[in-house]
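Side chains included, hydrogens not; waters and symmetry mates left out as well; all remaining heavy atoms used. What you see is a predicted model, and the numbers here were worked out from it, not measured in a lab.
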Amino acid sequence: MSKTITEPWIKLKNNLTRQDYQQIHALETLCANEDQVSFKLELDYKLSVEETSTDKVCHHHINEFMYFDGEQLIGYIGLCSFGGPAMEINGMVHPDYRRQGIFTKLIELVVSECKKRKAGSILALCDHRSVSGQKFLEKAGAIYQSSEFEMYLNRETYETIQKETLGLTFRKATNEDAREIARQDAIYFSDITGEENEEDADEKIPLLEDEEKHGNITYLLEKDQQIIGKVKLESINGVTGGIYGLGVLPEYRGKGYGRALLLKSIEKLLEAKATEIMLQVATGNSKALNLYQSCGFQETYRMDYYELNQ
């Protein structure tokens, strides 16, 4: 049965406190169980950054949009920026308070914030199984852009896989490697070669040694003392390990190096006592999908990306 909102108010914040985290996580768990869907809120990462960072932050930016009825959190949207021009958003509304304009109001505030920050685009994330979420985004005029699978490692399958080093070296990156990492990211994740971004590459990514304080470590793959690839490994609450930004330079592909890099990444996370290991891959990237499946990863859910009008 729907509940009427009696004491509505909205909290807008730059960052998360431990109390915020607990309230949002409780709402996330409730909605996930009710609707049998998943969310991509990045709560653990956001909280770890807030609790470990000594850097100055832009406090006038709003990243957390919370809708309350009295003391109860009944709606939430989180905004994430990962260094590019696009802003990603994901959120939910308490099942008992839906169809009362809560998400619409939060979306309006998010769009206003993104305009102030001159975001290149706003990407709204929605579990592919969420019929209501997709209908809302379509009604809001959002346009479907792409999808990605979240995959988790099946340990039993992984243990049976033959692991070869192929004479490769796997080393932790330092701040001095920032330019090379930015160049490779441009090659792997955009339509440019990376050369035109080289001059300002250092400004496009955080200092690697600062990222390590937040549980993110970038490793470089080397062959005959030449850097041929990279990967970022993330530890979430010391429990879940994440694999991101994995890539091998084009001239070194087709030799099994990507598979070796992936297996070494898994090994590192297991050494760090990760009990679960996950990664994400675009649904249309068949080569990467086949690689991950061959190393023991299985699809858990599909997240759809919609671009919102500003």
Side-chain angles (χ1 to χ4, degrees), residues 148-195 197-198 201 205 208-209 211-212 215-236 238 240-300:
E148 66 180 17
F149 290 123
E150 181 160 290
M151 308 181 75
Y152 275 79
L153 182 69
N154 182 311
R155 288 286 295 275
E156 293 182 1
T157 303
Y158 168 75
E159 296 298 340
T160 66
I161 294 170
Q162 183 176 359
K163 301 157 183 77
E164 299 180 12
T165 62
L166 303 177
L168 301 171
T169 302
F170 194 68
R171 73 167 175 87
K172 186 188 297 186
T174 67
N175 288 343
E176 286 70 30
D177 297 306
R179 183 178 294 276
E180 172 61 20
I181 290 168
R183 185 184 77 87
Q184 289 196 31
D185 277 338
I187 292 172
Y188 305 146
F189 306 115
S190 70
D191 296 326
I192 58 176
T193 63
E195 295 178 358
N197 283 347
E198 238 178 82
I205 61 173
L208 301 175
E209 291 161 23
E211 283 282 281
E212 186 171 350
N216 297 308
I217 303 177
T218 297
Y219 287 91
L220 297 176
L221 187 69
E222 295 183 338
K223 175 72 172 176
D224 300 327
Q225 298 184 326
Q226 293 292 318
I227 298 173
I228 67 170
K230 58 166 279 290
V231 65
K232 178 185 285 188
L233 305 184
E234 178 182 23
S235 176
I236 303 173
T240 301
I243 299 175
Y244 301 97
L246 183 149
V248 172
L249 291 170
E251 59 267 34
Y252 293 98
R253 293 172 185 169
K255 304 177 187 295
Y257 297 154
R259 180 181 176 85
L261 176 57
L262 177 59
L263 292 173
K264 189 63 178 178
S265 300
I266 296 170
E267 181 184 324
K268 279 287 183 183
L269 290 170
L270 292 177
E271 289 175 358
K273 308 301 182 184
T275 57
E276 294 183 315
I277 297 176
M278 56 80 65
L279 53 76
Q280 293 153 349
V281 58
T283 56
N285 191 344
S286 58
K287 287 185 178 180
L289 184 58
N290 290 336
L291 169 63
Y292 300 149
Q293 290 172 334
S294 73
C295 290
F297 284 90
Q298 298 176 333
E299 301 159 19
T300 54

Partners meeting salt bridge (charged side-chain N to carboxylate O under 4.0 Å, His left out) with [X] (sequence neighbours left out):
{"X": "Lys172", "answer": "Glu212"}
{"X": "Glu276", "answer": "none"}
{"X": "Glu148", "answer": "Lys40"}
{"X": "Glu164", "answer": "none"}

Can you list everything that forms a side chain to side chain contact (heavy atoms under 4.5 Å, CB included) with [X]? Sequence neighbours excluded, please.
{"X": "Lys163", "answer": "Tyr158, Ile161, Leu263"}
{"X": "Ala274", "answer": "Leu269, Ile277"}
{"X": "Thr283", "answer": "Ser147, Phe149, Arg302"}
{"X": "Arg155", "answer": "Leu153, Glu159, Leu270"}

- [ ] Determine which pairs satisfy side-chain hydrogen bond (donor to acceptor under 3.5 Å, both in side chains) with at least one residue from residues 245-254, sequence neighbours left out, and list them in order.
- [x]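 Checked against side-chain hydrogen bond (donor to acceptor under 3.5 Å, both in side chains) - neighbours excluded - no pair reaches residues 245-254.
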
Are the side chains of [Y] and [X] in contact, using a 4.5 Å heavy-atom criterion?
{"X": "Leu166", "Y": "Lys255", "value": "no"}
{"X": "Lys232", "Y": "Asp185", "value": "no"}
{"X": "Tyr244", "Y": "Leu233", "value": "no"}
{"X": "Phe189", "Y": "Gln184", "value": "no"}
{"X": "Val281", "Y": "Phe297", "value": "no"}

Open item on the list: Show me the pairs that pass salt bridge (charged side-chain N to carboxylate O under 4.0 Å, His left out) and involve residues 216-227, at least two apart or across chains.
Closed with: Arg171-Glu222

Roughly how far, to the nearest 0.5 Å, is the [atom2] atom of [Y] from the [atom1] atom of [X]?
{"X": "Ile243", "Y": "Lys268", "atom1": "CD1", "atom2": "NZ", "value": "13.0 Å"}
{"X": "Ile228", "Y": "Tyr257", "atom1": "CD1", "atom2": "OH", "value": "5.5 Å"}
{"X": "Leu279", "Y": "Glu234", "atom1": "CG", "atom2": "CD", "value": "12.0 Å"}

Show which side-chain atoms of residues 284-295 pair as donor or acceptor with protein atoms under 3.5 Å away, not counting sequence neighbours.
residue, atom, partner, partner atom, Å
Asn285, OD1, Ala288, N, 3.2
Asn290, ND2, Ser286, O, 3.1
Gln293, NE2, Glu299, OE2, 3.2
Ser294, OG, Arg259, NH1, 2.9
Ser294, OG, Asn290, O, 3.4
Ser294, OG, Leu291, O, 2.6

TODO: Could I get the full list of ring-ring contact (aromatic ring centres under 6.0 Å, His included) partners for Phe170, not counting sequence neighbours?
DONE: Tyr219

Open item on the list: Looking at every non-hydrogen atom in both residues, tell me the closest pair between Leu168 and Ala260 and how far apart they are.
Closed with: CD1-CB, 3.7 Å

TODO: Please determine which of Ile217, Thr218, Leu220, Leu246 meets the side chain to side chain contact (heavy atoms under 4.5 Å, CB included) test together with Val231.
DONE: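 So, applying the side chain to side chain contact (heavy atoms under 4.5 Å, CB included) to Val231 and each of Ile217, Thr218, Leu220, Leu246, only Leu246 qualifies.
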
